[in-house]
Q: 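Dumping the structure here so I can ask a few things about it.
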Amino acid sequence: MTRYDPAEIEPRWQQRWHAADLFRCETEGAGEPFYCLEMLPYPSGRLHMGHVRNYTIGDAVARYQRMRGRRVMHVMGWDAFGLPAENAAIQHGTHPRRWTEENIEAMRRQARRLGWGYDWSREISTCEADYYRWNQWFFLRMLERGLVYRARRPVNWCPSCATVLANEQVHGGRCWRCGEAVTERDLDQWFVRIRDYADELLQGLEALEGWPERVRRMQAHWIGRSEGAAVGFPAEGLERPIEVFTTRLDTIYGATYLALAPDHPDLEALVAGSPQAGAVRSFVARQRGRTLVDRFSAVGEKEGVFTGRYARNPFTGERIPIWVADFVLAEVGTGAVMSVPAHDQRDFEFARKYGLPLRCVVRAPDGLPLTADRLEAAYTEDGVLHDSGPYTGLSSAQARERMLADVQARGWGGRRVVYRLRDWGISRQRYWGTPIPVIHCELCGPVPVPEEELPVRLPEQAPLTGEGGSPLARLPEFVRAACPRCGTSAQRDTDTMDTFVDSSWYFFRYLDPHNARAPFDTTRVRPWLPVDLYIGGIEHATMHLIYTRFWTKMMRDLGLVAIDEPVRRLFTQGMVIKDGAKMSKSRGNIVDPDAMVARYGADTTRLFSLFAAPPEKDLEWSEAGVEGCWRFLQRVWRAFDEARAHLGPPNAPRPAGVDRGAALELRRVAHRTIARVTEDLLPERLQLNTAVAAIMELTNAIVPLSRAERLDSAEAWALREAFEILARLLAPFAPHLAEQLWEGLGHPPFVSAAAWPEAEAELLVRESVTIVVQVNGRLRGRVELPRGASEAEALEAARAEPRVSAYLDGRRIERVVYVPDRLLNLVVR
RNA sequence: GCCGGAGUGGCGGAACGGUAGACGCGGGGGACUUAAAAUCCCUUGGCCCGGCAGGGCCGUGCAGGUUCGAGUCCUGCCUCCGGCACCA
């Protein structure tokens with residue numbers, strides 16, 4: 001008997017797949033395209049189990065679709081720019097490129113060892129000029145269209161990473177990458193007008209039926225559309241009125257003060273010369289030093305300072321004080337609010353603390369007007385207006401409409417929609433990224449680098465300190481440039497692009513990876529898009545997955561693609577957990593994929609990562625579970641070894657007698673397994689854990705026959721058929737062992753290229769079925785009947801069952817519920 | 001606070017509104033072995049009646065409801081996880 005030795009089997013098949021170029025995919029050709037995509041990895045060093053899970057799911061789907069006859073695009077690439085490379089370089093005195101390339105090399109080797117089938121001829125690495133030049137090209141296209149602009153603005157700053165972060169990259173006030181508390185800084189930055197697409201990004205979510213509801217909700221919330229009105233409050237000492245945004249225009253008669261954000265642009269002009277100026281300035285200075293984390297944790301303890309200035313409520317003509325308050329955020333709405341303490345909880349708390357007046361103007365529809373002195377909390381519901389001049393008596397909704405019409409008629413302001421989504425700041429003050437193709441000229445301002453001069457190459461050497469400031473700025477030979485417009489000496493932009501730019505369009509490039517004239521050829525990519533299935537972690541719900549949707553729409557508007565959305569079906573797989581926590585180096589609960597492969601082989605590793613939990617849920621790592629998968633594969637191996645003696649030649653004619661007895665039973669199980677596994681592998685289902693379970697059941701049905709002393713010709717034939725089915729069903733999950741079985745069965749290679757088995761319909765239905773008999777909904781017996789038996793026949797059979805008849809004895813059957821071939825429920829009294 | 005998701009054996013998890021617990025792990029018993037490992041076979045939700053054969057009751061977070069029938073649908077709670085969070 002031969003031993004199951006993955007260390008011997010697996011490299012051999014990997015070699016043969018490679019030699020046969022089995023996974024190459026032509027852009028054009030026969031077969032319906034299927035684009036199976038997984039989020040490309042950051043080459044951090046080694047694969048971790050999260051990668052293994054992600055890519056094994058994708059590989060199983062890709063292999064399955066290939067066997068179904070689809071032309072499958074399945075590619076691997078590297079999100080190769082980014083900060084860890086730079087930090088590692090600083091720490092270990094190496095170069096980011098070298099560090100990155102070594103990691104890619106190691107991870108590519110690991111990918112092969114796990115048996116993942118990619119078209120390596122399409123591999124891309126985003127740190128290559130061939131790739132990032134097109135980031136620059138897109139930047140210039142967006143600049144032409146005004147989709148990129150430069151602005152000085154308070155931006156999120158991660159002190160540890162020494163760079164700016166986009167809003168999406170700040171999670172709970174902390175850096176998404178390193179967890180450091182984020183502060184604010186004023187910097188000149190390039191921004192992408194993703195906000196211009198806010199409405200479309202929001203609307204588009206409804207059509208994304210193939211996306212998890214969870215992700216759609218998260219994005220909708222992230223975009224955060226709110227509808228209301230912008231109203232100008234004339235302020236003493238300012239030429240232009242202070243514009244406030246409100247969704248509760250109906251409460252405007254209750255506004256008793258204005259509150260401005262500490263970094264409101266008009267604040268300095270407002271307070272200049274006021275006796276309060278000093279107090280305001282020191283308050284503002286204190287606020288600026290606070291981190292976001294600090295600000296979040298202080299929710300509820302609002303602070304503010306009176307500016308010494310007043311504004312006029314356009315509706316009432318009333319003079320109300322202007323305050324600066326920390327709970328008003330510059331980036332929300334207009335950065336200024338009309339405060340209505342009686343009807344807004346925040347305004348209420350602030351007014352209480354500083355003794356500002358309250359005025360009630362809305363009451364519950366069935367209630368009495370509240371009075372300010374009795375209020376314990378703001379009344380924030382809609383209701384009926386009182387003490388609101390001509391609007392008194394209107395409902396909140398009516399009032400909002402009328403008031404808005406009057407605001408517009410009198411030129412005070414108008415309807416306004418604001419989004420929580422902010423423009424995407426893409427400038428990064430680090431080295432290892434795409435240089436921004438702009439030259440700053442003292443005379444002409446920022447001038448785009450002419451297209452024919454692309455790529456602006458990232459200099460191979462730059463002084464890296466990690467202490468802040470763009471490393472490229474310290475390279476005079478990089479910085480110095482002639483202004484493309486006027487020719488005078490000017491300076492290159494020394495920031496690099498956010499690496500989320502790289503990952504926004506890489507899967508378009510996979511489809512045309514060597515194109516030197518354009519990011520990709522429009523006609524080539526068309527048949528492949530949108531991506532049929534995209535697999536990755538949930539953590540990108542409001543980062544990468546928003547950016548790439550935006551990028552697709554932007555490319556559509558440039559005429560490059562004809563789609564509105566990049567991804568038809570999104571699958572978010574769960575995390576890999578060990579001892580109740582996400583695997584991480586700092587926790588020391590890492591399981592190394594290499595060690596797994598060395599010990600159990602790739603097939604066991606793959607199988608476990610698919611079997612141990614439904615793919616969308618978190619997977620708890622269990623050594624015992626791995627052992628179980630290992631045992632299963634051994635069992636398959638041994639069963640096949642034992643069966644050899646029984647098996648006839650391939651393609652033998654079907655002998656008489658396969659339609660009864662053990663042969664029939666085995667055939668039924670085998671064909672039912674085809675149906676189950678096929679269904680579980682559908683992109684909209686993807687229940688790979690139950691698919692594996694079904695294959696285990698098939699194996700359990702095979703074992704007794706393969707081990708039998710002697711089989712008749714029908715049983716032997718059925719046994720061969722079962723193994724041929726097993727080999728092909730196993731191919732997406734444990735492809736090496738599957739190849740070995742296929743070869744052992746006398747077939748030419750490769751099972752990976754064989755046709756997926758078809759279930760014979762007549763084997764899926766039985767001529768006799770077990771019907772469950774219930775009395776009053778409780779299980780009391782089972783009867784065997786021919787399929788399609790009538791209710792009367794079922795009833796007769798049920799009455800003949802002693803267990804059933806005991807419950808019917810002396811009672812009247814009031815109702816019979818009959819589900820043909822399944823169940824009979826007798827309702828008695 | 002708002003928005004999602006999830007609660008099923010000792011564990012991971014299965015179950016078109018129709019036999020709850022597939023498959024795997026773990027446990028118990030047995031075979032093989034001098035012994036162990038490996039492997040194989042039987043068994044395994046709880047309680048109760050029975051010598052066995054067999055049978056009964058309870059059971060999918062809690063409380064109700066709809067239904068002939070609810071893990072699954074509805075209402076209200078509880079707990080845990082995730083996202084957002086002073087959004088004007």
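No experiment lies behind these values; they were computed from the predicted model shown.
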Q: Using atom P of each nucleotide, how far apart are B:rU60 and B:rG54 to the nearest Å?
A: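 It comes out at 27 Å once rounded to the nearest Å.
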Q: Identify the pairs formed between an N or O of the protein and an N or O of nucleotides 56-59 of chain B at a distance under 3.5 Å, and give each distance.
A:
| residue | atom | partner | partner atom | Å |
| --- | --- | --- | --- | --- |
| B:rG56 | OP1 | A:R780 | NH1 | 3.4 |
| B:rG56 | OP1 | A:Y807 | OH | 3.3 |
| B:rG56 | OP2 | A:R803 | NH2 | 3.4 |
| B:rC57 | OP1 | A:R780 | NH2 | 3.3 |
| B:rC57 | OP2 | A:R780 | NH1 | 3.3 |
| B:rC58 | OP2 | A:R778 | NH1 | 3.2 |
| B:rC58 | OP2 | A:R778 | NH2 | 2.6 |

Q: What residues form a side chain to side chain donor-acceptor pair (under 3.5 Å) with A:R195, not counting sequence neighbours?
A: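 Expected list: none.
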Q: Can you sort out the partners of A:R811 under salt bridge (charged side-chain N to carboxylate O under 4.0 Å, His left out), two or more places apart, ordered by chain and number?
A: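 Expected list: none.
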Q: Please identify each residue that fulfils side-chain contact (heavy atoms from CB on, under 4.5 Å) with A:R803, with sequence neighbours left out.
A: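 A:R803: no side-chain contact (heavy atoms from CB on, under 4.5 Å) contacts found.
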Q: Which residues satisfy the side-chain contact (heavy atoms from CB on, under 4.5 Å) test with A:N700, sequence neighbours excluded?
A: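 In terms of side-chain contact (heavy atoms from CB on, under 4.5 Å), with neighbours along the sequence ignored, A:N700 is linked to A:R635.
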Q: Holding to side-chain contact (heavy atoms from CB on, under 4.5 Å), I want the full list of residues that pass it with A:A708, two or more places apart in sequence or in another chain.
A: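 A:A708: side-chain contact (heavy atoms from CB on, under 4.5 Å) contacts with A:L711.
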Q: Show every salt bridge (charged side-chain N to carboxylate O under 4.0 Å, His left out) that has at least one partner inside residues 333-345 of chain A, sequence neighbours left out.
A: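 The answer is A:D344-A:R346.
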Q: Partners of A:T690 by side-chain contact (heavy atoms from CB on, under 4.5 Å), sequence neighbours excluded?
A: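 A:T690 satisfies side-chain contact (heavy atoms from CB on, under 4.5 Å) with A:D680, A:Q687 only.
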Q: Which residue pairs satisfy the salt bridge (charged side-chain N to carboxylate O under 4.0 Å, His left out) criterion with at least one member in residues 604-617 of chain A, sequence neighbours excluded?
A: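 Found A:D59-A:R606.
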Q: For A:T678, give me all partners under side chain to side chain donor-acceptor pair (under 3.5 Å), at least two apart in sequence or on another chain.
A: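 Testing A:T678 for side chain to side chain donor-acceptor pair (under 3.5 Å), a comparison that skips the adjacent residues, returns A:W756.
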Q: Identify each atom pair where a protein N or O and an N or O of nucleotides 67-71 of chain B are less than 3.5 Å apart, giving names and distance.
A:
| residue | atom | partner | partner atom | Å |
| --- | --- | --- | --- | --- |
| B:rC68 | OP1 | A:R815 | NH1 | 2.5 |
| B:rC68 | O2' | A:N825 | ND2 | 3.2 |
| B:rC68 | O2 | A:N825 | ND2 | 2.5 |

Q: Are any protein N/O atoms closer than 3.5 Å to N/O atoms in nucleotides 22-24 of chain B? If there are, list each pair with its distance.
A:
| residue | atom | partner | partner atom | Å |
| --- | --- | --- | --- | --- |
| B:rA22 | O2' | A:E697 | OE1 | 3.4 |
| B:rA22 | O2' | A:E697 | OE2 | 3.1 |
| B:rG24 | OP1 | A:N700 | ND2 | 3.3 |

Q: Let's test this: given Watson-Crick or G-U wobble pairing with both distances under 3.5 Å, identify the partner of B:rC80.
A: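 B:rC80 is paired, partner B:rG5.
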